[in-house]
Amino acid sequence: MRVYLDNNATTIVDPHVFAEMEPYFVQRYGNPNSLHAFASETHPALKDAMEKIYAGIHAPKEDSVVITSCATESNNWVLKSIYFEYILTGRKNHIIVSEVEHPSVIATAKFIESMGCKVTYLPINHEGMIDPQTVRDSITDKTALVSVMWANNETGAIFPVQEIGAICAEYNVPFHTDAVQAIGKTPVDVQSLNVDYLTFSAHKFHGPKGVGALYMKKGRELSPLLHGGSQMGGYRSGTLNVPGIVGMGKAMEQAIDALDYEMSDVREMRDAFEDELLKIPDTFVVTPREKRTPNTILISFRGIEGESMLWDLNRAGIGASTGSACASEDLESNPVMEAIGADADLAHTAVRFSLSRYTTQEELDYALEVVKKAVERLRGISSSYAYAPEGHDSGLDAH
Ligand SMILES: Cc1ncc(COP(=O)(O)O)c(CNc2co[nH]c2=O)c1O
């Protein structure tokens, strides 16, 4: 039996999405910017897809949604353009990001930091949450950008973007949120909060890999990261990925249609699975479930290295993660667990299960049995683990 529980890393392409994309590989394959029928026959589908994408985030027509290759590109674009426009010119000298942003934000922040930009990394508390007051306390008259993700890819924690957006509006500081883990899991409406830039990526909501987007509010448009042709109004050059855009449009439409199911049925399956996992002694989940996206569990099994658990799961046909795939190659501790103050042992024992609308109860029942056997085997051979008495300290120092 194969059970895929790593949907925060990437998702299966919805069959309806694939069907919508296929013709633009083999029939209507023209370059949309060419001057002939092979090109113009792609235009209706592109227009329809863009309308679906705008509708999916409730973006008004006067704002911009620019197609990119992925969320990593979109995040790089925001931070590097802010650097070019504000930091390099001396107009500002500071940006604020949370310490648990995706590596595509953290690494870019560290890059522009090495180029002279001051960077504040906002701490998370013992629940893995951001306190909006830390944003207010960090903003100065030289702050060029605040970037805080809508939902964290490892814990599922949904951050207070409404409050943070309001603080940024109060100080007239541009606000970027990486909404990659929010689309399709919680309502995303750019008119319901103050947000100037918003990142998303199709392969996180059952669309194809290799296509993402950056929303930009009118009047906050960024200078391009990629120069060249006139595509995307000159904001992002490069021949349009027609099947990718068509796929993202269909996936967005499907994600919005399935949002109620995700927020009810998927959440219920996740909660029930989590309840069973927490019956295993010496287990710990970071963020309270009511503050999380409905599909995510980051759980620590004290005494078991996360990678060891993954290996046992993989042998049984189950795909999970110890954190973002981008970081999974190394054996370092989970950065979020470190940030919440987990001790060294606990920080290395986190495993992330992330469900989707395709996850079944049968799959979760199977996964639970495999996890229980893995815990018994791995703790049995552990030289360091001895079952902790009732009330054992979780190894977390409250922030
Ligand atoms: C919050 C967030 N931002 C950006 C990205 C990068 O997206 P991409 O460039 O379109 O791939 C990811 C991918 N997150 C993960 C990739 O693998 N495991 C993850 O949690 C993400 O979760």
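In listed order, ligands and their atoms are each counted from 1. As a basis for the values below, the full set of heavy atoms in this structure was taken, side chains included, without hydrogen atoms, waters or symmetry mates.
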Around Phe18, counting heavy atoms of other residues, nucleotides and ligands shown, do more than 12 lie under 6.0 Å from its CZ? no
May I ask whether Glu154 has any heavy atom positioned less than 4.0 angstrom from an atom of ligand 1? no
Nearest non-hydrogen contact with atom 11 (O) of ligand 1 belongs to which option: Glu101, Gln181, His102, His203? His203
So Val146 and Val148, do their side chains get closer than 4.5 Å, heavy atoms only? yes
Looking only at N/O atoms, are Cys70 and ligand 1 under 3.5 Å apart anywhere? no
Option with minimal heavy-atom separation from atom 2 (C) of ligand 1, where the choices are Asp6, Asp178, Asn75, Asn153: Asp178
Contact between Arg352 and ligand 1, counting heavy atoms under 4.0 Å? yes
Apply the side chain to side chain donor-acceptor pair (under 3.5 Å) test between Thr296 and each candidate in Asn153, Asn8, Asn7, Asn152; give the one that qualifies. Asn8
Anything under 30° is parallel, anything over 60° is perpendicular, the rest tilted; go ahead and classify His206 against Tyr358. perpendicular
Looking only at distances, can you tell me whether any N or O atom of Ser201, backbone or side chain, sits closer than 3.5 Å to an N or O atom of ligand 1? yes
Does ligand 1 have any atom sitting under 4.0 Å from a heavy atom of Lys204? yes
Quick one: does ligand 1 sit under 4.0 Å from the side chain of Met149, the backbone, both or neither, non-hydrogen atoms only? side chain
Have a look at Val100, Thr177, Thr72 and point out the one with the heavy atom closest to atom 9 (O) of ligand 1. Thr72
Does NZ or CZ of Lys61 come closer than 6.0 Å to the centre of the six-membered ring of Tyr54, within 45° of the ring's axis? no
Mutual orientation of the aromatic rings belonging to Phe301 and Phe353 [parallel < 30°, tilted 30-60°, perpendicular > 60°]: perpendicular
Asn8 heavy atoms, cut-off 4.0 Å: which ligand 1 atoms fall inside? 14 (N), 15 (C), 19 (C), 20 (O)
So which of Asn75, Thr177, Asn76 actually passes side chain to side chain donor-acceptor pair (under 3.5 Å) with Thr199? Asn75
